[in-house]
Amino acid sequence: MFNLDATLQTIIAIARDAGHILLHHFDNPTITATKSTDSDIVTIADKEAEELIVAALKQQFPDHHMVGEEGGGTGAPAETAEYFWFVDPIDGTVNYAGGMPFFSTSIALTDKNRQPILGVIYDPWRDEMFSAIQGKGAFLNGQSLKVSKTASLAKALLSSGFPYNKHLQPDNNLAEWAAFLVQVRDLRRLGSAALDLCYVAAARMDGYWEQQLNPWDVLAGILIVREAGGMVTDYEGGANPQQEHKGKYVASNGHLHAAMLEVIQAVRSSRSDFAT
Ligand code: 2AM
Ligand code: CA
């Protein structure tokens, strides 16, 4: 195994460089394409930042496979590589393209079974660098992170998000949102899954759920939440939601996890028009 502490410093430097690109284009964020729907957009900064990150990773880790949100797979072949990097150059692209200063760059190292080993999420606007190495805790700008102690939904601040194809299917998280809204202190829709997870780790929020997320949205954040003492599962409580291409995720401080699963499962079992 290579030196993870040294690797973390390398990835932090790469994430900072990507952050400079995002801030450079922030005042003039040209949308270059839409993907699955009109909500699913790509900007020049997405492309430039991913190219910078993937080029740096390929140079440092030629034996690893890299998966980027905008570019597919590259580096060593996925069939033979022992280690994988999942790169999201801008998580929160809709915020970014609208001039909302809430987005992040997410970079995760996993083994070949998609178990996260190292994760970095950088919010360049606030200069907040979230990081974790498996078994070594989670940090924000070098300070140790610990999840909140909130133990009841009535006192909880939760966040969530809605899939890009929300206009096209009833299983779009509106029913879950409505069920939570009347049971919690409040809900937030912040727009960056990676930062939602970091905010659970940092005790700024108590929990988060969302469906139809790709591995690059969440792999770094899963590790950061778990290393801060929190829990991340699928909607049934299973520990490996990242195995799905469009996974369903519940993250919490641990104390709220069973209650969150119960709300979600009650909604979903009442809806025969939802996919499983
Ligand atoms: P993005 O900004 O990188 O596209 C918003 O709810 C969060 O969910 C963002 O992190 C966004 O990632 C992600 N997201 C929303 N809909 C998605 C979808 N259908 N597939 C993948 N990610 C999605
Ligand atoms: Ca993303």
Side-chain angles (χ1 to χ4, degrees), residues 15 18-19 21-22 25-26 29 31-50 53-54 66-72 85-108 116 119-125 130 158-174 176-177 180 187-201 205 207-222 224-225 232 234-235 241-251 274-275:
I21 293 178
L22 306 195
H25 290 289
F26 183 68
I31 297 174
T32 52
T34 54
K35 297 189 285 186
S36 57
T37 72
D38 281 348
S39 318
D40 192 0
I41 55 186
V42 187
T43 68
I44 288 177
D46 283 277
K47 291 282 184 197
E48 268 185 33
E50 183 167 314
I53 296 164
V54 170
M66 288 94 198
V67 184
E69 171 155 23
E70 310 307 336
W85 292 91
F86 288 85
V87 175
D88 193 349
I90 308 181
D91 189 61
T93 307
V94 174
N95 281 345
Y96 182 83
M100 287 269 292
F102 197 84
F103 51 86
S104 60
T105 297
S106 177
I107 306 174
V120 168
I121 295 173
Y122 183 50
D123 171 352
W125 197 267
F130 297 89
L158 307 181
S159 72
S160 188
F162 300 88
Y164 288 129
N165 61 3
K166 56 192 176 291
H167 340 70
L168 308 175
Q169 54 162 33
D171 187 4
N172 62 6
N173 201 33
L174 258 185
E176 291 90 334
W177 178 273
F180 273 115
L187 294 179
R188 295 288 179 267
R189 195 281 196 250
L190 300 176
S192 164
L195 286 181
D196 284 309
L197 290 165
C198 290
Y199 280 28
V200 173
M205 299 195 303
Y208 161 73
W209 83 97
E210 191 164 346
Q211 59 174 301
Q212 293 202 45
L213 294 176
N214 289 301
W216 49 77
D217 299 318
V218 292
L219 275 162
I222 290 172
I224 291 168
V225 171
V232 184
D234 61 25
Y235 283 5
Q242 73 274 17
Q243 302 302 343
E244 300 291 327
H245 181 55
K246 296 281 186 191
K248 297 182 175 72
Y249 294 84
V250 181
F274 283 11

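One-based numbering, in listed order, for ligands and for the atoms of each. Since this is a predicted model, take the numbers as computed values, not measurements.
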(message) Set out, in order, the CA-CA distance, both residues' side-chain angles and the distance that settles side-chain hydrogen bond (donor to acceptor under 3.5 Å, both in side chains) for Ser106 and Asp91, then state yes or no.
(response) CA-CA 7 Å; Ser106 177; Asp91 189 61; over 6 Å; no

(message) Distance under 4.0 Å, heavy atoms only, partner ligand 1: which residues pass?
(response) Glu69, Asp88, Ile90, Asp91, Gly92, Thr93, Gly161, Phe162, Pro163, Tyr164, Arg189, Gly191, Ser192, Ala193, Glu210, Gln212, Leu213, Asn214, Asp217, Lys246

(request) Please list, in chain and residue-number order, the protein N/O/S atoms closer than 3.0 Å to the Ca ion (ligand 2). (result) Asp88 OD2, Asp91 OD1, Asp217 OD1

(request) Kindly say whether the aromatic ring centers of Tyr199 and Phe102 come within a distance under 6.0 Å. (result) yes

(request) Determine the minimum heavy-atom distance between Lys47 and Glu70, stating which atoms define it. (result) NZ-O, 3.5 Å

(message) If I compare all heavy atoms of Ile224 with all of Cys198, which pair ends up nearest, and what's the gap?
(response) CD1-SG, 4.2 Å

(message) For Tyr249 and Ile222: C-alpha separation, side-chain torsions, deciding distance, then whether side chain to side chain contact (heavy atoms under 4.5 Å, CB included) applies.
(response) CA-CA 9 Å; Tyr249 294 84; Ile222 290 172; 3.8 Å; yes

(message) For Glu69, is there an ion pair with Lys35 - N to carboxylate O distance below 4.0 angstrom?
(response) yes

(request) Determine the minimum heavy-atom distance between Gly119 and Ala220, stating which atoms define it. (result) CA-CB, 3.8 Å

(request) Return the set of residues passing side chain to side chain donor-acceptor pair (under 3.5 Å) with Thr43 (not counting sequence neighbours), or none when no residue passes. (result) Asp46

(request) Tell me, please, which residues at least two apart from Trp209 pass side chain to side chain donor-acceptor pair (under 3.5 Å). (result) Ser160, Asn173

